[in-house]
Amino acid sequence: MPGTGNRGSYQQFNDDDYDNDKGNGQSQDSFDEIDDDVVPVESNGNAARGGDIRGNIPPKRFSKTCVKNVFTVLLIFIYLVLTAVAIFLAYQTISDFLNKLSQPVMSVSYKEVDSFPPPGIALFPGNAQLLSCKHHYHDYIPPIVDPGTPQEQDCEMTEVTYFGPFTDQKQKRAVVVRGPSDVKNRELIFMQFSQNETQEDFSAISYMLFAKYSDLIESANKSEFMRDCERNYSMWTFSGGFRTWVKMSLAKTSGRNKEAVEFRQESGVVKFNDKRPEADQKDQLFFVVFEWRDLYIQEIRLIVTANPWSSVGILCAVFMALFKAANFAKLTITWIIKMRKRHLRHKARELNPVS
């Protein structure tokens, strides 16, 4: 029958194909490398053709590889950003440390005392004459008797002549008075000077304050000591025809290498009502009062706020972050190369049966 002949011919064809496959060294096992879950199955249970298999596999693998690559690139970008932030933080930390190291902050405190070491009050009267120097207490100055005439004195003083530090050719004469010390009882010193009429439009007497009067007395070279004082301390003046009230305050500054003492002052001026006869008013009078302002010594300390240990700790953390970022980048590159090789092997396996 025709159907039987055809059936025999089909069986013979399949046997020949199978023999040819065996002769070529290929078997059905060569296709086992293809996963069953990626082989589409038709509704009648028959497997789809090879062309359909090759057409359906690549999109799935492409999508997975694309997601992995995007995720990897995103991680690399995040770590690059973190690395840049770490580098900026290290630079900022070093800059702040150097800035704080070069610019210390000032810490101000006040120390209460009952008395001060007697300061030195150096006056430069020039042609003026010292008429009186008296110690008083409790801000009380008695009325002046016979102004313009010499009065009793109870001040300790010494006279020094020297050449100034800035004008070596000019000799100066300084009358150095031992200043007040009993700040609790409000001790003050009242001095009176007289100067003959001059051709100048304005007349004033200069003065200078330094830390301790005893330093001058104990100095072996008083002239050199006064030169150093004039080089390091400020000069002030008080005018004729007025009473100048000078209230002193002391500030000690502790720096990195040495301590410095600075006098600060507040001065008030009151006009003198000259009641002398007109003939005696040709001699101009000067009045000055020196007193401590309060019981406190202002202590200023220069503090370096830069802490090297905290900066070192921050830098260590930053360098650890950089090391971790470099290690991650190395592992990422190794992983990418490995995934690339695996992808090439899978691709070669897929193309091998077709070839």
Side-chain angles (χ1 to χ4, degrees), residues 110-126 128-142 144 150-162 172-193 204-219 222-239 242-253 259-270 286-299:
Y110 293 89
K111 180 181 179 181
E112 184 177 358
V113 296
D114 292 334
S115 62
F116 288 92
I121 304 174
L123 301 112
F124 302 91
Q129 178 186 1
L130 177 63
L131 298 179
S132 67
C133 180
K134 296 279 292 182
H135 286 263
H136 301 284
Y137 291 90
H138 303 290
D139 292 342
Y140 174 72
I141 299 176
I144 301 174
Q151 307 289 330
E152 294 182 0
Q153 301 184 15
D154 58 3
C155 296
E156 180 182 348
M157 64 182 70
T158 183
E159 186 172 328
V160 181
T161 57
Y162 66 98
K172 292 186 174 183
R173 180 178 69 92
V175 178
V176 185
V177 180
R178 184 178 185 271
S181 61
D182 192 354
V183 62
K184 189 173 184 179
N185 294 319
R186 306 184 71 86
E187 179 187 5
L188 58 86
I189 290 179
F190 175 67
M191 285 182 281
Q192 179 184 173
F193 292 86
I205 294 177
S206 300
Y207 66 94
M208 176 181 61
L209 305 174
F210 57 90
K212 294 180 181 180
Y213 177 77
S214 59
D215 292 342
L216 173 65
I217 301 302
E218 297 171 359
S219 176
K222 293 182 174 59
S223 298
E224 189 65 27
F225 178 84
M226 291 302 300
R227 283 171 60 89
D228 294 338
C229 286
E230 186 175 346
R231 185 181 295 109
N232 297 321
Y233 291 96
S234 301
M235 301 284 290
W236 291 283
T237 58
F238 59 93
S239 301
F242 297 91
R243 188 188 71 181
T244 304
W245 198 299
V246 179
K247 292 187 176 182
M248 304 175 293
S249 62
L250 192 63
K252 294 183 178 180
T253 303
E259 293 186 355
V261 178
E262 178 186 1
F263 276 92
R264 298 176 181 178
Q265 65 167 7
E266 296 178 0
S267 59
V269 178
V270 179
F286 300 80
F287 305 94
V288 62
V289 180
F290 290 96
E291 180 189 9
W292 289 103
R293 187 182 65 178
D294 47 39
L295 300 171
Y296 301 97
I297 297 176
Q298 185 178 5
E299 295 183 348

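Everything numeric here is computed off the predicted structure, so don't read it as measured data.
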Please find the pair of heavy atoms, one from [X] and one from [Y], that lie closest to each other, and give the distance.
{"X": "Thr244", "Y": "Ser267", "value": "CG2-CB, 4.3 Å"}
{"X": "Glu230", "Y": "Tyr162", "value": "OE1-OH, 2.7 Å"}
{"X": "Ala204", "Y": "Thr237", "value": "CB-CB, 4.2 Å"}
{"X": "Glu291", "Y": "Leu188", "value": "CB-CB, 3.9 Å"}
{"X": "Met226", "Y": "Ala174", "value": "CE-CB, 4.2 Å"}
{"X": "Met208", "Y": "Ser234", "value": "CG-O, 3.6 Å"}

Knowing that exactly one of Phe238, Phe287, Phe286 qualifies, which makes a side chain to side chain contact (heavy atoms under 4.5 Å, CB included) with Arg243?
->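 The side chain to side chain contact (heavy atoms under 4.5 Å, CB included) with Arg243 is passed solely by Phe287 among Phe238, Phe287, Phe286.
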
Is [Y] close to [X] at the side-chain level, that is, under 4.5 Å between some pair of heavy atoms?
{"X": "Asp215", "Y": "Phe225", "value": "yes"}
{"X": "Ile189", "Y": "Pro180", "value": "yes"}
{"X": "Leu209", "Y": "Ile121", "value": "yes"}
{"X": "Arg293", "Y": "Glu266", "value": "yes"}
{"X": "Phe116", "Y": "Ile297", "value": "yes"}
{"X": "Trp292", "Y": "Val113", "value": "no"}

Measuring from atom [atom1] of [X] to atom [atom2] of [Y], what distance do you get when rounded to the nearest 0.5 angstrom?
{"X": "Ile144", "Y": "Lys134", "atom1": "CD1", "atom2": "NZ", "value": "13.0 Å"}
{"X": "Leu123", "Y": "Arg173", "atom1": "CG", "atom2": "CZ", "value": "10.0 Å"}
{"X": "Ser132", "Y": "Leu130", "atom1": "OG", "atom2": "CG", "value": "6.5 Å"}
{"X": "Arg186", "Y": "His138", "atom1": "CZ", "atom2": "NE2", "value": "9.5 Å"}
{"X": "Met191", "Y": "Leu131", "atom1": "CE", "atom2": "CG", "value": "12.0 Å"}

Assess whether atom [atom1] of [X] is packed by more than 12 heavy atoms of other residues, nucleotides or ligands within 6.0 Å.
{"X": "Lys172", "atom1": "NZ", "value": "yes"}
{"X": "Lys222", "atom1": "NZ", "value": "yes"}
{"X": "Glu112", "atom1": "CD", "value": "yes"}
{"X": "Tyr296", "atom1": "OH", "value": "no"}

Which residues satisfy the side chain to side chain donor-acceptor pair (under 3.5 Å) test with Gln298, sequence neighbours excluded?
->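 Counting only residues at least two positions away or on another chain, Gln298 forms a side chain to side chain donor-acceptor pair (under 3.5 Å) with Arg264.
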
Quick one: list whatever passes side chain to side chain donor-acceptor pair (under 3.5 Å) with His135, sequence neighbours left out.
->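 Side chain to side chain donor-acceptor pair (under 3.5 Å) list for His135, sorted by chain: Glu187.
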
Does the side chain to side chain contact (heavy atoms under 4.5 Å, CB included) test come out yes or no for Tyr110 and Asp294, once each step is laid out?
-> CA-CA 11 Å; Tyr110 293 89; Asp294 47 39; over 6 Å; no

Under 3.5 Å: donor-acceptor pair, side chain of Ser223, backbone of Thr161 |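 At least one qualifying donor-acceptor pair exists.
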
For Cys155, all residues meeting disulfide bond (SG atoms under 2.5 Å apart), sequence neighbours excluded |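 By the disulfide bond (SG atoms under 2.5 Å apart) rule, Cys155 matches Cys133.
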
With Tyr207 as reference, evaluate Phe124, Phe290, Phe193 under the ring pair (Phe, Tyr, Trp, His ring centres under 6.0 Å) test and give the passing residue.
->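 Passing option: Phe290.
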
